[in-house]
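Scroll down for the structure; my scribbles are underneath it.
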Amino acid sequence: MVTYIDAADAPMKNTGQIRLYTPDDFAGMKKASQITAGCLDELADFVKPGVTTQAIDDFVFNYGEERGVYAATLNYRGYTKSCCTSINHVVCHGIPNEKPLREGDIVNIDVTYIVDGWHGDSSRMYPVGAINRKAERLLEVTYDSLMLGIEAAKPGNTTGDIGAAIQTLVESNRFSVVRDFCGHGVGKLFHDTPNILHYGHPGEGIELKPGMIFTIEPMVNTGRPNVKVLSDGWTAVTRDRSLSAQYEHSIGITDDGCEIFTLSPGGIHKPGL
Ligand code: MF3
Ligand code: CO
Ligand code: CO
């Protein structure tokens, strides 16, 4: 049984009840999310062959520092970086390091800043120089699947409608949806209820209500959906080493649809495409 609770009355821990947020809360999420989106915009010109993912992490750290905000991943459950950088067959949670990016790579950069307690969580794919046609098609399909999922995010629909919209587009393009990671409630907590699956059937799951805030962040593989986590405890890769892509937005359900908090202020929704 799903229950809903006024966000202001809810305890800080994840109790399984779904919080419903006020217009003021939406404004807080928007402010945090726009700082995240501004950083993702600026990274478009920064990502090129020869740049290390550690340099990207430093960029994200400094961007926050200059604005007096903190990256949520830093010291989160033992994670020690300001963002995740997931290259090629890395599905998510890639850890920035000193290895330079190479022409033809595709890299997801996932950033979350905490602003006045609110978490703005978003990620985009960045082509490194020229990429091949299959990689380009993967990025387009993954982005389109996120936006179709967002179109399904409205009152009266369910979480299953979101997943079904994403899965249908992905599989009609002969790609696959990763099952082992999902979107999540977000707000004053980084990861809260509900889970937002990126696959499923229309009408299944939880009914969407105005005031809900969560992420949608489909991970799409060119090969099989199966993933494994490397011995560093974080890096998730495709088992068949096929290419993987992800885009993520933080959104809030409104009376007639949803507000995308993390929309690119500069219109750089799909960097490099
Ligand atoms: N930003 C990721 C998400 O979209 C979570 C990263 S947690 C980390 O939910 F610890 F791996 F950074
Ligand atoms: Co997220
Ligand atoms: Co994220």
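For the single chain, residues carry numbers from 1 onward in sequence order. Atoms within each ligand, like the ligands themselves, are counted from 1 in listed order.
Short contacts between ligand 1 and His93, defined as distances under 4.0 Å to a heavy atom of the residue, involve ligand atoms 5 (C), 6 (C), 11 (F). Proximity to Thr112 (heavy-atom distance under 4.0 Å) selects the following atoms of ligand 1: 1 (N). Listed by number with element, the atoms of ligand 1 under 4.0 angstrom from any heavy atom of Glu217 are 3 (C), 4 (O), 9 (O).
Residue Glu217: no N/O/S atom is found under 2.8 Å from the Co ion (ligand 3). With 2.8 Å as the limit, His191 does not count as an N, O or S neighbour of the Co ion (ligand 2).
Ligand 1 has a nitrogen or oxygen under 3.5 angstrom from a nitrogen or oxygen of Asp121.
Checked against the 6.0 Å centroid criterion, the rings of His93 and Phe181 qualify as a close aromatic pair. Aromatic ring centres of Tyr76 and His191 lie closer together than 6.0 Å.
Within Asp110, the N, O or S atom at minimum distance from the Co ion (ligand 3) carries the name OD1. The closest approach of Glu248 to the Co ion (ligand 2), by N/O/S atoms, is made by OE2. Within Asp121, the N, O or S atom at minimum distance from the Co ion (ligand 2) carries the name OD2.
In this structure, Lys31 forms no cation-pi arrangement with Trp118, as its terminal cationic atom is not both closer than 6.0 Å to the ring centre and no more than 45° off the ring axis. Cation-pi geometry between Arg67 and Tyr113 is not met at under 6.0 angstrom from the ring centre and within 45 degrees of the axis.
Looking at His184 and Asp121, their side chains do bring a donor and an acceptor atom within 3.5 Å of each other. Side chains of Thr112 and His119: no donor on one and acceptor on the other come within 3.5 Å. Side-chain contact check for Gln54 and Lys99: no donor-acceptor pair (N or O, by modelled atom type) lies under 3.5 Å.
Put simply, part of Glu248 is less than 4.0 Å from ligand 1, judged by heavy atoms. Contact between Thr215 and ligand 1 is absent, with no heavy atom of the residue lying under 4.0 Å from the ligand. The shortest heavy-atom distance from Phe190 to ligand 1 is under 4.0 Å.
Protein heavy atom nearest atom 12 (F) of ligand 1, with residue, atom name and distance: Thr73 CG2, 2.9 Å. For atom 2 (C) of ligand 1, the closest non-hydrogen atom of the protein is Asp110 OD2, 3.4 Å. Among all non-hydrogen protein atoms, the one lying nearest atom 11 (F) of ligand 1 is Trp234 CZ3, 3.3 Å. Among protein heavy atoms, the minimum distance from atom 9 (O) of ligand 1 is reached at His191 NE2, 2.7 Å.
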Next on the checklist: Is there a ring-ring contact (aromatic ring centres under 6.0 Å, His included) between Phe26 and Phe261? Walk through the geometry before answering.
Outcome noted: CA-CA 8 Å; Phe26 272 47; Phe261 299 125; 5.3 Å; yes

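Other residues, nucleotides and ligands contribute at most 12 non-hydrogen atoms within 6.0 Å of the NZ atom of Lys154. In Asp255, the CG atom is not crowded: 12 or fewer heavy atoms of neighbouring residues, nucleotides or ligands sit closer than 6.0 Å.
Applying the ring-ring contact (aromatic ring centres under 6.0 Å, His included) criterion to Tyr70, with sequence neighbours excluded, gives no partner residue.
Contacts between Cys84 and ligand 1 below 4.0 angstrom, taking non-hydrogen atoms only, involve the side chain exclusively. For Arg77, no heavy-atom contact with ligand 1 is shorter than 4.0 Å.
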